[in-house]
J.: 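Got a structure here, written out as structure tokens. Questions coming.
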Amino acid sequence: MIQAEDVRKTYRIGKVDVPALRGVSLQVEKGEFVTIVGPSGSGKSTLFYILGGLTQVDSGRVIIDGVDFSAMSDSARTRLRRSKIGFVFQKFNLLPTLTAEGNIEIARDISGQHDGDGARERIQRITRLLGIEQRLNHRPSEMSGGEQQRVALARALVNQPAIVLADEPTGNLDSENSAIVLKMLRQSNQEFGQTVLMITHNPEAATYGDRIIHMRDGSIVPPEKDPQWSHAHD
């Protein structure tokens, strides 16, 4: 479902070239839940944005469900994102003028999906499972951080995308809300066969996946070469 081949990305900061990815290759099978762990600066968030088609590679290829993402036009890449990928970000990215329900429904408008009663039932089911069905008429400023992240997760899942990409989805949450978000990601993966790729620096959160990929200094490394991970298990 997701394939990266020798992906490289370098950022120019002032007069200095800073390599973010140094030839990353990986493969995620359909229906797999994979977590990517690594310290700050390891390149995991850059990889997230590249796999989601939000950032272009310098070289290498990204193939999503058999389609070469890196060779597509901007408009074609946007259409593929709308139809196949749901995003969950650490900073929620909710629209402040819309209610929780409005933030969830806008994902449906953008995707062009309008299946009436089916959509309504899906929204009700997801929000009930996430414990936010009583908050649907509230705006983000009227909700806690945990409630906002659960709304953001509902927005990502409402269209039942083939792929869910989550970037530190529990980074700003307490343990109770973290558990709710992680369990919902896992349940969505199992019930709907969605492919989930989650970026995290939290070893406990990483265990929710089927497989863990370790990154350091822009490369994928064996677990024993990730000191942060080794220390977390001492």
Side-chain angles (χ1 to χ4, degrees), residues 1-9 20-39 42-72 76-90 111 152-153 155-157 159-171 181-223 225-226 229:
M1 182 60 75
I2 302 173
Q3 186 173 347
E5 299 177 354
D6 195 26
V7 171
R8 298 175 184 272
K9 181 70 177 180
L21 296 177
R22 305 170 184 260
V24 170
S25 297
L26 62 83
Q27 187 164 310
V28 180
E29 301 296 335
K30 182 177 181 181
E32 195 176 13
F33 189 146
V34 173
T35 55
I36 298 180
V37 300
S42 62
K44 60 186 187 298
S45 289
T46 297
L47 181 61
F48 171 91
Y49 281 92
I50 285 175
L51 295 179
L54 300 171
T55 300
Q56 278 279 42
V57 301
D58 289 339
S59 63
R61 293 202 306 164
V62 173
I63 300 170
I64 302 295
D65 197 16
V67 179
D68 189 346
F69 221 169
S70 46
M72 301 172 76
R77 200 158 47 243
T78 298
R79 287 193 298 271
L80 189 147
R81 281 199 306 268
R82 288 174 178 172
S83 64
K84 288 188 177 292
I85 303 175
F87 291 93
V88 185
F89 299 97
Q90 181 177 357
S111 71
L153 180 55
R155 179 183 58 188
L157 298 178
N159 294 326
Q160 295 183 348
I163 299 169
V164 178
L165 299 180
D167 185 13
E168 299 281 9
T170 64
V181 168
L182 290 168
K183 287 177 181 177
M184 188 64 196
L185 278 172
R186 189 59 171 163
Q187 183 172 346
S188 183
N189 160 255
Q190 292 174 336
E191 285 192 19
F192 305 122
Q194 290 169 313
T195 303
V196 178
L197 184 69
M198 181 175 72
I199 305 295
T200 184
H201 67 275
N202 184 335
E204 185 176 349
T207 62
Y208 275 75
D210 302 313
R211 178 163 58 98
I212 301 172
I213 294 174
H214 296 255
M215 291 192 68
R216 191 166 189 86
D217 299 327
S219 301
I220 292 175
V221 298
K225 291 190 177 181
D226 185 347
W229 181 265

J.: With rounding to the nearest 0.5 angstrom, report the CZ to CZ distance, F69 to R77.
T.: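 One finds 6.5 Å between CZ of F69 and CZ of R77.
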J.: Can you measure from CD1 (I220) to NZ (K44) and round to the nearest 0.5 angstrom?
T.: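 So the CD1 of I220 and the NZ of K44 are separated by 13.5 Å.
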J.: Can you name the closest pair of heavy atoms from L185 and P169 and give their distance?
T.: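 So the two residues come closest at CD1-CG, 4.3 Å.
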J.: Grab the two heavy atoms, one from S188 and one from L157, that are nearest each other, plus how far apart they are.
T.: OG-CD2, 3.5 Å
J.: List the residues meeting side-chain contact (heavy atoms from CB on, under 4.5 Å) with T55, not counting sequence neighbours, and say none if there are none.
T.: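 Scan of T55 (side-chain contact (heavy atoms from CB on, under 4.5 Å), adjacent residues dropped) gives K9, Y11, Y49, I50.
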J.: Roughly how far, to the nearest 0.5 Å, is the NE2 atom of H201 from the OG1 atom of T35?
T.: 13.0 Å
J.: Check step by step if side-chain contact (heavy atoms from CB on, under 4.5 Å) holds for V37 and H214.
T.: CA-CA 5 Å; V37 300; H214 296 255; 3.4 Å; yes
J.: Would you say the side-chain atoms of D210 pair up with the backbone N or O of F33, donor to acceptor, closer than 3.5 Å?
T.: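 Indeed, once roles are kept as given, a pair shorter than 3.5 Å links the two residues.
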J.: The criterion is side-chain contact (heavy atoms from CB on, under 4.5 Å); which residues satisfy it with A71, sequence neighbours excluded?
T.: D68
J.: Would you say T207's side chain and E204's backbone share a donor-acceptor pair under 3.5 angstrom?
T.: yes
J.: Minimum heavy-atom separation for D65 to K84, with atom names?
T.: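 Result for this residue pair: OD2-NZ, 2.8 Å.
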J.: Which distance, rounded to the nearest 0.5 Å, do you find between the CG of L197 and the CG of L26?
T.: 7.5 Å
J.: Any sub-3.5 Å donor-acceptor pair from N189's side-chain atoms to G31's backbone N or O?
T.: yes
J.: Please round to the nearest 0.5 Å and tell me the distance separating atom CG of L54 and atom CG of L165.
T.: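 The CG atom of L54 sits 8.5 Å away from the CG atom of L165.
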J.: Would you indicate whether the side-chain heavy atoms of Q3 and E5 approach each other to under 4.5 Å?
T.: yes
J.: How far apart are the closest heavy atoms of T200 and A205, and which atoms are they?
T.: OG1-CB, 3.8 Å
J.: Less than 4.5 Å apart, any side-chain heavy atom of I199 and any of Q90?
T.: no
J.: Would you check, one step at a time, whether the test side-chain contact (heavy atoms from CB on, under 4.5 Å) holds for R81 with F87?
T.: CA-CA 9 Å; R81 281 199 306 268; F87 291 93; 3.8 Å; yes
J.: Supply the atom-to-atom distance S45 OG to E168 CD, rounded to the nearest 0.5 angstrom.
T.: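 Taking OG in S45 and CD in E168, the distance rounds to 6.0 Å.
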J.: Of all the heavy-atom pairs spanning V88 and A156, show the shortest one and how long it is.
T.: CG2-CB, 3.6 Å
J.: So, using side-chain contact (heavy atoms from CB on, under 4.5 Å) as the criterion, who are the partners of T195 when residues are at least two apart?
T.: M1, I2, V28, K30, I163
J.: Between I85 and P161, which heavy-atom pair has the shortest distance, and what is it?
T.: C-CB, 3.8 Å
